[in-house]
Student: 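Have a look at the structure that comes next, please.
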Amino acid sequence: MAAIYRQEIIQDVTLFTSQRAANLYDKLFSCLDFTLPRAATGRRGFPKEAMVCAFIVMKCEGFSQITDLADYLDNNRLIAHYCGFNIMEPLPSYWTYDRFLKKMDNAALKEIMAAQVKKLYEMGIVDASFIGLDSTPVMANTKQNNPKSFAKNKFSKENHPKSDPDCALGVHSASNQHNERRYEFYWGYKSHVLVDCISGLPFYELTTPGNVADSSVAAEILAAANQTVSLKECTFLADKGYDVKSIYNTVKTVYEGEAFIPLNPRGTKDSKALSAGNPVCEAGLAMHKDGKTTDNGRTRQKYCCPFRQSKIGVCPCNHKNWNNGKKNRGCTKYKTVPDDYRLSIDRSCLCFKRTYALRTECERYNSRFKSTGQERLWVRNGTSAANLNTLAHISALAVALAAVLHGSHSYRSAKQLQRSA
């Protein structure tokens with residue numbers, strides 16, 4: 001009798017739910033197969049699997065506040081039923097969702113994400129041939145990030161936000177133009193994502209405070225992703241923030257791959273040089289080679305003034321190094337000899353430029369990630385921030401999995417999948 005009554009209620013609530021939305025989440029959750037520890041969430045004992053599905057709905061709909069999710073499920077009970085909730089009883093409250101994010105083990109969510117990646121890899125959708133690593137800023141829920149706030153020293157390290165003790169002061173580029181050096185400070189976190197540059201889907205993600213350098217976690221992310229999908233002979237793409245010798249060596253020796261990373265000038269001056277590689281002095285003359293020197297594990301070619309050995313030569317610009325009163329007069333310059341893998345890469349060739357162009361897929365995925373409501377958080381602790389970021393990536397993989405299994409050509413957007421539902 002109870003089963004018949006429940007079926008009648010489901011038929012009634014179907015009338016109040018968009019058919020496209022109902023079909024979308026029916027497909028989405030029918031493709032998910034995961035289990036979590038049996039300890040229930042909340043006083044009423046909501047299943048953790050249902051809570052995860054609820055957050056997938058939140059990310060697919062692009063809600064930035066948990067109140068929007070609670071209202072949406074309360075007004076669309078059929079979707080709440082697909083999530084796994086008992087719609088004949090009250091649905092989770094705001095505080096139930098909040099406690100779930102605080103107490104949920106992020107490692108369990110990463111296992112769900114890894115299972116999704118493995119399934120997509122077996123289906124031939126994702127591939128580790130071309131992988132790109134990038135990070136995107138995630139702003140904390142604090143008044144210091146409010147652009148309309150006129151508080152003094154908003155971005156001072158001594159003025160740490162009291163609302164979120166786990167966040168840190170970070171900086172990100174405010175322009176995508178290479179010739180512009182515009183930066184903005186923020187309080188919050190970073191979401192580091194390893195992306196398949198062909199399918200545009202994530203392999204692995206890691207959330208860190210905003211002050212963690214991108215290059216410092218690259219080896220950890222590659223090692224964790226390699227446990228899910230083999231990265232052997234991969235092509236690794238990253239921006240100049242990852243231009244560190246250890247990353248090149250890791251990709252080359254550990255994974256037998258190739259690294260496509262532009263050089264980071266790191267404040268070096270753009271010195272003039274001839275096509276042969278000889279530097280040009282301030283007088284406009286080509287400098288001569290004068291032996292090599294080795295120090296700190298690097299080999300440098302020394303160049304000297306062309307008039308150094310001349311007894312009658314005169315410096316055209318009357319440089320101060322020429323009039324130093326010493327025997328060896330004139331300017332000297334040093335140029336590092338490319339004896340390691342990082343400096344041996346030809347970044348001016350067409351192959352490098354065309355391959356590196358695939359890295360734009362990381363930017364596209366970060367844009368889709370922010371559109372899920374992750375650009376600014378509503379939670380105020382590191383564990384909740386990490387869980388929300390992981391759930392956003394899980395929702396992207398769930399959409400892709402549902403699209404592939406149901407024959408849809410678009411697996412990157414929940415809206416596109418909903419239109420075809």
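On a predicted model such as this, the values are computed, not experimentally measured, just so you know. The basis for the numbers below is simple: all heavy atoms, side chains too, and nothing from hydrogens, waters or symmetry mates.
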Student: Mind checking whether Arg20 and Asn23 have side chains closer than 4.5 Å, heavy atoms only?
Tutor: no

Student: Calculate, to the nearest 0.5 Å, the distance between atoms OH and NZ belonging to Tyr255 and Lys232 respectively.
Tutor: 13.0 Å

Student: Do you know which two heavy atoms are closest between Trp187 and Asn159, and how far apart they sit?
Tutor: CZ2-O, 3.6 Å

Student: Side chains of Ile247 and Ser215: does their closest heavy-atom pair fall under 4.5 Å?
Tutor: yes

Student: Decide whether Asp239 and Tyr356 meet the rule of one side-chain donor and one side-chain acceptor closer than 3.5 Å.
Tutor: no

Student: Is a donor from one side chain sitting under 3.5 angstrom from an acceptor on the other, for Lys110 and Asn106?
Tutor: yes

Student: Under 3.5 Å, is there a donor-acceptor pair between the side chain of Asn211 and the main chain of Ala168?
Tutor: no

Student: Rounded to the nearest 0.5 Å, what separation is found between the CD1 atom of Ile261 and the OH atom of Tyr248?
Tutor: 4.0 Å

Student: Counting N and O atoms only, with roles assigned by atom type, does the side chain of Ser156 sit under 3.5 Å from a partner on the main chain of Asn153, one being a donor and the other an acceptor?
Tutor: no

Student: Could you tell me whether the side chain of Thr355 and the main chain of Phe352 form a donor-acceptor pair under 3.5 Å?
Tutor: no

Student: With no hydrogens and no angle check, is any side-chain donor or acceptor of Tyr341 less than 3.5 Å from a backbone partner on Ala259?
Tutor: yes

Student: Enumerate, atom names and distances included, each donor-acceptor pair closer than 3.5 Å involving a side-chain atom of residues 118-128, sequence neighbours excluded.
Tutor:
unit_1	atom_1	unit_2	atom_2	d
Asp127	OD2	Ser129	N	3.2
Asp127	OD2	Ser129	OG	2.2

Student: I need the minimum non-hydrogen distance between Ala140 and Asn145, along with the two atoms involved.
Tutor: O-ND2, 3.0 Å

Student: Which atom names give the shortest non-hydrogen contact between Tyr204 and Ala225, and what distance separates them?
Tutor: CB-CB, 4.0 Å

Student: If we ignore angles and hydrogens, is there a donor and acceptor under 3.5 Å between the side chains of Tyr365 and His393?
Tutor: yes

Student: Any side-chain donor-acceptor pair under 3.5 Å between Asn389 and Ser191?
Tutor: no

Student: With salt bridge (charged side-chain N to carboxylate O under 4.0 Å, His left out) as the test, pick out the partner of Asp134 among Arg359, Lys190, Lys240.
Tutor: Arg359

Student: Looking at SG of Cys349 and CZ of Arg347, how far apart are the two atoms once the value is rounded to the nearest 0.5 Å?
Tutor: 10.0 Å

Student: Would you call Pro209 and Cys167 a side-chain contact if the rule is heavy atoms closer than 4.5 Å?
Tutor: no

Student: Check whether more than 12 heavy atoms from other residues, nucleotides or ligands sit under 6.0 Å from atom CD of Glu375, and answer yes or no.
Tutor: no

Student: Does Phe185, at its CZ atom, have more than 12 non-hydrogen atoms belonging to other residues, nucleotides or ligands within less than 6.0 Å?
Tutor: no

Student: Is any side-chain heavy atom of Cys362 less than 4.5 Å from a side-chain heavy atom of Leu133?
Tutor: no

Student: Looking at Leu36 and Lys48, what are the two nearest heavy atoms and their distance?
Tutor: CD1-CB, 3.7 Å

Student: Quick one: do Ser384 and Asn381 satisfy side chain to side chain donor-acceptor pair (under 3.5 Å)? Show the steps, please.
Tutor: CA-CA 6 Å; Ser384 298; Asn381 59 85; 2.8 Å; yes

Student: Starting from the C-alpha separation in whole Å, work towards a yes-or-no answer on side-chain contact (heavy atoms from CB on, under 4.5 Å) for His172 and Glu184.
Tutor: CA-CA 6 Å; His172 68 96; Glu184 290 182 356; 3.7 Å; yes

Student: Evaluate the side-chain proximity of Glu205 to His192: yes if any heavy-atom separation is below 4.5 Å, no if none is.
Tutor: no

Student: Does Asp33, at its CG atom, have more than 12 non-hydrogen atoms belonging to other residues, nucleotides or ligands within less than 6.0 Å?
Tutor: no

Student: Going by heavy atoms in the side chains, are Leu397 and Leu201 under 4.5 Å from each other?
Tutor: yes

Student: Please evaluate residues Phe203 and Ile131 with respect to the criterion side-chain contact (heavy atoms from CB on, under 4.5 Å), reporting the C-alpha separation (whole Å), side-chain torsions for both, the decisive distance (0.1 Å), and the verdict.
Tutor: CA-CA 9 Å; Phe203 269 116; Ile131 54 175; 3.6 Å; yes

Student: For the backbone of Ala70 and the side chain of Asp74, can you confirm whether one donor and one acceptor N or O come within less than 3.5 Å of each other?
Tutor: no

Student: Answer yes or no: is there a donor N or O on one side and an acceptor on the other, between the side chain of Asp68 and the main chain of Phe63, under 3.5 Å?
Tutor: no

Student: Got a second to check how far Tyr25's OH is from His81's NE2, nearest 0.5 Å?
Tutor: 16.0 Å

Student: Let's go through Ser246 and Asn249 carefully: what are the C-alpha distance in whole Å and the side-chain angles of both, what is the deciding distance for side chain to side chain donor-acceptor pair (under 3.5 Å) to 0.1 Å, and is it a yes or a no?
Tutor: CA-CA 5 Å; Ser246 60; Asn249 296 337; over 6 Å; no

Student: Could you measure the distance from the CG atom of Leu377 to the CG atom of Leu101? Nearest 0.5 Å is fine.
Tutor: 10.0 Å

Student: Does the side chain to side chain donor-acceptor pair (under 3.5 Å) test come out yes or no for Arg364 and Thr360, once each step is laid out?
Tutor: CA-CA 6 Å; Arg364 296 189 184 96; Thr360 56; 3.3 Å; yes

Student: Do Phe236 and Phe260 make the cut of ring centroids closer than 6.0 angstrom?
Tutor: no

Student: Under 3.5 Å, side chain of Lys370 to main-chain N/O of Pro137, donor-acceptor pair present?
Tutor: no

Student: To the nearest 0.5 angstrom, please state how far the OG atom of Ser64 sits from the CG atom of Leu69.
Tutor: 11.5 Å

Student: Within the 3.5 Å criterion, strictly below it, is a donor on Glu49 or Thr35 matched to an acceptor on the partner's side chain?
Tutor: no

Student: Test side chain to side chain donor-acceptor pair (under 3.5 Å) on Tyr189 and Asp164 and set out the steps.
Tutor: CA-CA 11 Å; Tyr189 305 88; Asp164 190 346; 2.9 Å; yes

Student: Charged N to carboxylate O below 4.0 Å: is that the case for Arg380 and Asp166?
Tutor: no

Student: Would you name the heavy atoms of Met51 and Pro92 that are closest together and state the gap between them?
Tutor: SD-CG, 3.9 Å

Student: Could you tell me if Thr67 and Gln65 have a donor-acceptor pair between their side chains, going purely by distance under 3.5 Å?
Tutor: no

Student: Answer whether the closest heavy-atom distance between the side chains of Arg342 and Leu263 falls below 4.5 Å.
Tutor: yes

Student: Indicate the atoms forming the closest heavy-atom contact of Ala218 with Tyr242, along with that distance.
Tutor: CB-CD2, 4.1 Å

Student: List the steps and the verdict of side-chain contact (heavy atoms from CB on, under 4.5 Å) for Val52 and Phe34.
Tutor: CA-CA 10 Å; Val52 171; Phe34 65 93; 3.9 Å; yes

Student: Decide yes or no for Leu222 and Val251: does some side-chain heavy atom of the first lie under 4.5 Å from some side-chain heavy atom of the second?
Tutor: yes

Student: Cut-off 3.5 Å, side chains only: do Gln144 and Thr142 have a donor facing an acceptor?
Tutor: yes

Student: Kindly indicate, with the supporting measurements, whether the criterion side-chain contact (heavy atoms from CB on, under 4.5 Å) is fulfilled by Asn76 and Tyr82.
Tutor: CA-CA 10 Å; Asn76 297 272; Tyr82 289 150; over 6 Å; no

Student: Does Phe155 form a ring pair (Phe, Tyr, Trp, His ring centres under 6.0 Å) with Tyr186? I'd like the steps, not just the answer.
Tutor: CA-CA 7 Å; Phe155 301 113; Tyr186 73 98; 8.5 Å; no

Student: What is the ring orientation for Phe55 with Phe100, classed by angle as parallel under 30°, tilted 30 to 60°, or perpendicular over 60°?
Tutor: parallel

